[in-house]
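Structure record follows, encoded as structure tokens.
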Amino acid sequence: HVRNYTMGDVVARYKMAQGFSVLHPMGWDAFGLPAENAAIERKIHPGTWTRENIANMKAQFRPLGLTLDWSREFATCDPEYYGQQQAMFLDFLDAGLVYRKAAVVNWDPVDMTVLANEQVEDGRGWRSGAVVERRELTQWFFKISDYSEDLLDALDGLDDWPAKVKTMQANWIGKSRGIEIDFHLTAPVEGVDAIPCYSTRPDTLHGASFIAISPDHPLSKALEAEDPAVAAFCVEARKGATTEEAMEKAEKLGHDTGLRVKHPADDRELPVWIGNFVLMEYGTGAVFGCPAHDQRDLDFARKYGLDVRNAFYLPGSSKDVADEALVPPKTEKVRYVSHFAGIQEASSLEAIETTIDWFEEHRLGRGMTRYRLRDWGLSRQRYWGCPIPVVHCDSCGVVPEKKENLPIELPEDVTFDRPGNPLDWHPSWRQVPCPKCGDAARRETDTMDTFVDSSWYYARFTAPRALTPTQAKDAEYWMNVDQYIGGIEHAILHLLYSRFFARAMQICGHLPESAVEPFDALFTQGMVTHAIYQGTNQAGRKEYYFPEEVDLKDGGAFLKEDGREIEIVPSAKMSKSKRNVVNPMDIIAKYGADTARWFVLSDSPPERDVEWTDAGAEAASKHLARVHRLAMEIAGAEEGDSSQDEALLREMHKTIQDVTNGVESFGFNAAIAKLYAFANTLGRSKASSKARREAVATLAQLMSPMTPHLSEEIWQALGKTGMVTAAPWPVADEAMLVEDTVTLPIQINGKRKSEIVVAKDLARAEIEAMALADDQVQKALAGNAPKKLIVVPGRIVNVVI
RNA sequence: GCGGGUGUGGCGGAAUUGGUAGACGCACUUGGUUUAGGUCCAAGCGCCGCAAGGCGUGGGGGUUCAAGUCCCUCCACCCGCACCA
């Protein structure tokens, strides 16, 4: 978080200096919670988020040079915000965008926000995640799956999003074009007479040699009840499929049910197997196996001695599949064998479409497009969250709360002394009259997933205190978000949910049509990491040490306590257990916010991780102190002129250009390198104090997005009026960027050997003459004429010998 | 397996997009200041070599007057997804 908020702030300040109005939301977690507020971290609920606490938080932000307007975190516990969210929920309900259905959930009896932290210390009490039950509950869902196609298609228009994020979302939505084919059993079983199978490769149906169904398939369950062998297999198969690692290595196991189905397009009968690799959650929970064109099916067929028959061959070949399935790219032309629709040579892509048409025509199958994306379950059996504004009435059923009764606020007098949702135990909160009939009824105690809060905060920021979720003219004016900065961890859920929410809000009239893609540009920044110091203790177990327990010398790390050398694992994600977490407030206390910002931006490109090192922070701090000293010295100097002025000012304009380009392109580290270089130049310059004043003022301006405090101080010391933040961004003077003379490197056969200094617009013939007269060139030529002489004006000379 | 990405000094990383590779910073070395350490200041610092010179952007090949950058090929590492039918 440190990094994305810092970067966001830099971009915002830069844009302000460019003359833009900036709406720049900032979260309280920008620099983490201060240590003395650790209690807040443990007990996050509205009672803690008093106005006083929020004011306190804002006060802590100001010295960091960060602006704080709102945050999606305290939005979660701010009735002013979640009241609007509840209003929107009711709109969504009207529009059919949210619905209830039964679903199996992993029910965690522990409200992890509070209880887990309370009681985990002694290792005995309730621990979040320790006693998870699978329960079937009636849950609320957003109909995000209705927007699968749109959410997928619209990714194409997001030109300023990282390809990686778009790919991840596309994979998550998981569109596939295929067909559902009924395979009829030779004899009905338990009232079932056909097994529908989904396939994206109906063109290979000729090569089908078995049907595999999931152990969770209704047919498996039916057989399981009667046949102990099937039951044993299914129990084993389900067990194996639980852990991810096991799944990766898991062997393809099968159990022959003895049942047979008719092949829909020829006269064969295919065996029906239960396969541990078939997922009930995807497709129909049943597949036809085509060993010749699917490696998994081939392995399975070889193992159990099933048929392997090619549905197609590579053109000009009739080699049957042996140990490797034939899976050419779908765009490649192949030669089909006795295809039902009469296809001979075609690409799989063409053949699939033709096959689907043929099956539909003969009423043997149903072409369909499937998506992996499932509806978004938003119910949480938790205290901390936005209450779902509905009431359960014995006579009216589920009744939406009246809008005038919003916000439905969370009660503050709750206890966390037993597992489950505290709202369920509250003595009175649930008891409300039915909004419809007025009889006694019960309030819904599920709260909303906090992803709901974060799915529309950007829209709320456009009118944070409006009495409706948004205000048309403000939303129209501010949306879309020009630049969104965040971590890659939000690539799928948060960013997909937000895209859905913007669409849903548009349907309900809360956002303009132009805002259905809420984020124009996305940048995913790297994390701040820190080395881990690890050693082994007497018991032979791994132990981690805090940085302050370690001496760094001679490139190694040594324990202060006994001088023992320990291992350094560089650049690791911060984790409490690895003892490598850097508390941002400590950094602020030790170096100041400017240094923290300067260092975090300077060390590596923003999309990569940056390793926090004391040495690096120290260097940043020293440099900023040097700039400060230099500025104060210049501020106090006499005016005058010097022959060195032009050189300094030329350098200044070049720096303006480079830094501007750097900030524009998110090349903060390179921009900061230029600022270092320019500060060094300025420090050595013998220019007049007039020119140096101009230079240092510009330096302060160019640094101001990164080091607002220092820049303001310099600005003031120079006697400038107003704030540097409000001053217009400096513009490079084109004329000052063009040098009168240029240094041209001279290459001989492409290797740099020498250089000449020439006037900017010297004629080509003269440059050639000078190059040929060069000592190095003379020596290399040894009296001969060069084969070729290349002059790239202003760039380079290459002599080919 | 599929998808995305990255390989440049001891380290983090620059390179106006085909034109002086190693900017800037860290670490290190030397000198000055200081009682000393730190700070501060000056200088050095890709590799081999006393030097002249040679070699250098993961390996190999190619295009070009010129390649870190373009093309082909191989290798390594990181991230995401994954019995997805």
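For clarity, every value in this text was computed on a predicted model and none was experimentally measured.
For the C1' atoms, the distance from B:G9 to B:U57 is 10 Å, rounded to whole Å. Here, B:C11 and B:G22 have their C1' atoms 13 Å apart, quoted to the whole Å. When the P atom is used for both B:A23 and B:C77, the distance is 30 Å, rounded to whole Å. Taking atom C1' in both B:G25 and B:U34, the straight-line distance is 26 Å, to the nearest Å. Taking the C1' atom of each, B:C45 and B:C26 are spaced 13 Å apart, rounded to whole Å. Straight-line distance between the P atoms of B:C71 and B:G4: roughly 15 Å, to the nearest whole Å. B:C72 sits 15 Å from B:U63 when the P atoms are compared, rounded to a whole Å. Look at the C1' atom in both B:C65 and B:C81: the space between them is 47 Å, to the nearest Å.
Counting to the nearest Å, the P atom of B:C84 and the CD atom of A:Glu180 are 18 Å from each other. Atom C1' of nucleotide B:G53 and atom NZ of A:Lys751 are separated by 13 Å, given to the nearest angstrom. One atom, CG of A:Asn171, and another, P of B:G80, lie 14 Å apart when rounded to the nearest Å. At whole-Å resolution of the value, CD1 in A:Ile492 and P in B:G4 are 15 Å apart. Across the protein-nucleic acid pair, A:Lys654 atom NZ and B:A14 atom P stand 17 Å apart, rounded to whole Å. Between the CD atom of A:Gln169 and the P atom of B:C2 there is a distance of 23 Å, given to the nearest Å. For A:Leu601 and B:G25, the CG to P distance is 17 Å, given to the nearest whole Å. Distance, A:Tyr371 OH to B:C81 C1': 19 Å, rounded to whole Å.
Map A:Met168 and A:Thr743 each onto its nearest nucleotide of RNA chain B; the residue landing nearer the 5' end is A:Thr743. Between A:Val278 and A:Ile488, the residue anchored nearer the 5' end of RNA chain B, judged by the nucleotide with its closest heavy atom, is A:Ile488.
No engagement by A:Pro162 is indicated, since no non-hydrogen atom pair under 4.0 Å with the nucleic acid exists.
Smallest separation of non-hydrogen atoms from A:Val659 and A:Ala671: CG2-O, 3.8 Å. Scanning all heavy atoms of the two residues, the minimum distance from A:Val757 to A:Thr741 falls at CG1-CB, 4.1 Å.
For the residue pair A:Asp375/A:Ser145, the side-chain donor-acceptor check at 3.5 Å is satisfied.
Taking only side-chain atoms of A:Lys164, from C-beta outward, the nucleotide of B:C79, B:A23, B:C83 with the closest atom is B:C79. Listed nucleotides B:G19, B:G13, B:A85 differ in distance to A:Leu279; the shortest reach to its side chain belongs to B:A85. The listed nucleotides are B:C26, B:G53, B:A85; the one nearest the side chain of A:Ala615 is B:C26. The side chain of A:Lys622 approaches B:C40 more closely than any other nucleotide in the set B:C40, B:G19, B:C84. The nucleotide whose nearest atom lies closest to any side-chain atom of A:Pro745 is, among B:G25, B:G19, B:U20, B:U20. Of the candidate nucleotides B:G3, B:A42, B:G19, B:G19 has the atom lying nearest to any side-chain atom of A:Val792. In this structure, the nucleotide among B:C41, B:A21, B:U39 sitting nearest to the side chain of A:Arg626 is B:C41. Here the nucleotide nearest the side chain of A:Arg752, chosen from B:A21, B:C83, B:G54, is B:A21. You'll find that the side chain of A:Arg608 is closest to B:G7, out of B:A85, B:G7, B:A43. Nearest nucleotide to the side chain of A:Arg629, out of B:A85, B:C41, B:A21: B:C41.
The phosphate of B:U16 (OP1 or OP2) has no side-chain N or O of A:Lys674 nearer than 4.0 angstrom. Between A:Lys166 and B:G5 there is no side-chain N or O to OP1 or OP2 distance below 4.0 Å. For B:C65, one of the phosphate oxygens OP1 or OP2 lies less than 4.0 angstrom from a side-chain nitrogen or oxygen of A:Lys788. Taking side-chain N and O atoms only, A:Asn669 has no distance below 4.0 Å to OP1 or OP2 of B:C24. Contact check, A:Asn680 against B:G25: a side-chain N or O comes under 4.0 Å of OP1 or OP2. Distances shown here put a side-chain N or O of A:Arg296 below 4.0 Å from the OP1 or OP2 atom of B:C84. Between A:Arg795 and the phosphate of B:A66, there is no side-chain N or O to OP1/OP2 separation shorter than 4.0 Å. Between A:Tyr282 and B:A85, a side-chain N or O to OP1/OP2 separation shorter than 4.0 Å is present.
No more than 12 heavy atoms of other residues, nucleotides or ligands lie within 6.0 Å of NZ in A:Lys686, so this atom counts as exposed by the packing criterion. For NZ of A:Lys166, the number of neighbouring non-hydrogen atoms (other residues, nucleotides, ligands) closer than 6.0 Å is greater than 12.
Using cut-offs of 30° and 60° on the angle between ring planes, the pair A:Trp376 and A:Tyr497 is parallel. The aromatic rings of A:Trp598 and A:Tyr676 are tilted relative to each other, their planes meeting at an angle between 30° and 60°.
Remark: B:A42 base-pairs with B:U30; criterion is Watson-Crick or G-U wobble with both hydrogen-bond distances under 3.5 Å. Across all strands shown, B:A51 remains unpaired; no Watson-Crick or G-U wobble contact has both distances below 3.5 Å. B:C2 is paired with B:G80 under the Watson-Crick or G-U wobble criterion, all donor-acceptor distances under 3.5 Å. With a cut-off of 3.5 Å on both pairing distances, B:G37 has no Watson-Crick or G-U wobble partner at all. The nucleotide B:G18 finds no pairing partner, because no Watson-Crick or G-U wobble arrangement with both distances shorter than 3.5 Å includes it.
Glycosidic conformation at B:G12 (O4'-C1'-N9-C4 for purines, O4'-C1'-N1-C2 for pyrimidines): anti, more than 90° from 0. Its glycosidic angle being more than 90° from 0, B:U73 falls on the anti side.
Contact annotation: side chain of A:Asn798 to base of B:C65, donor-acceptor pair present below 3.5 Å.
No donor-acceptor pair under 3.5 Å is formed between the side chain of A:Asn171 and the backbone N or O of A:Gly174.
In this structure, A:Glu360 does not pair ionically with A:Arg366, as no charged nitrogen and carboxylate oxygen lie closer than 4.0 Å.
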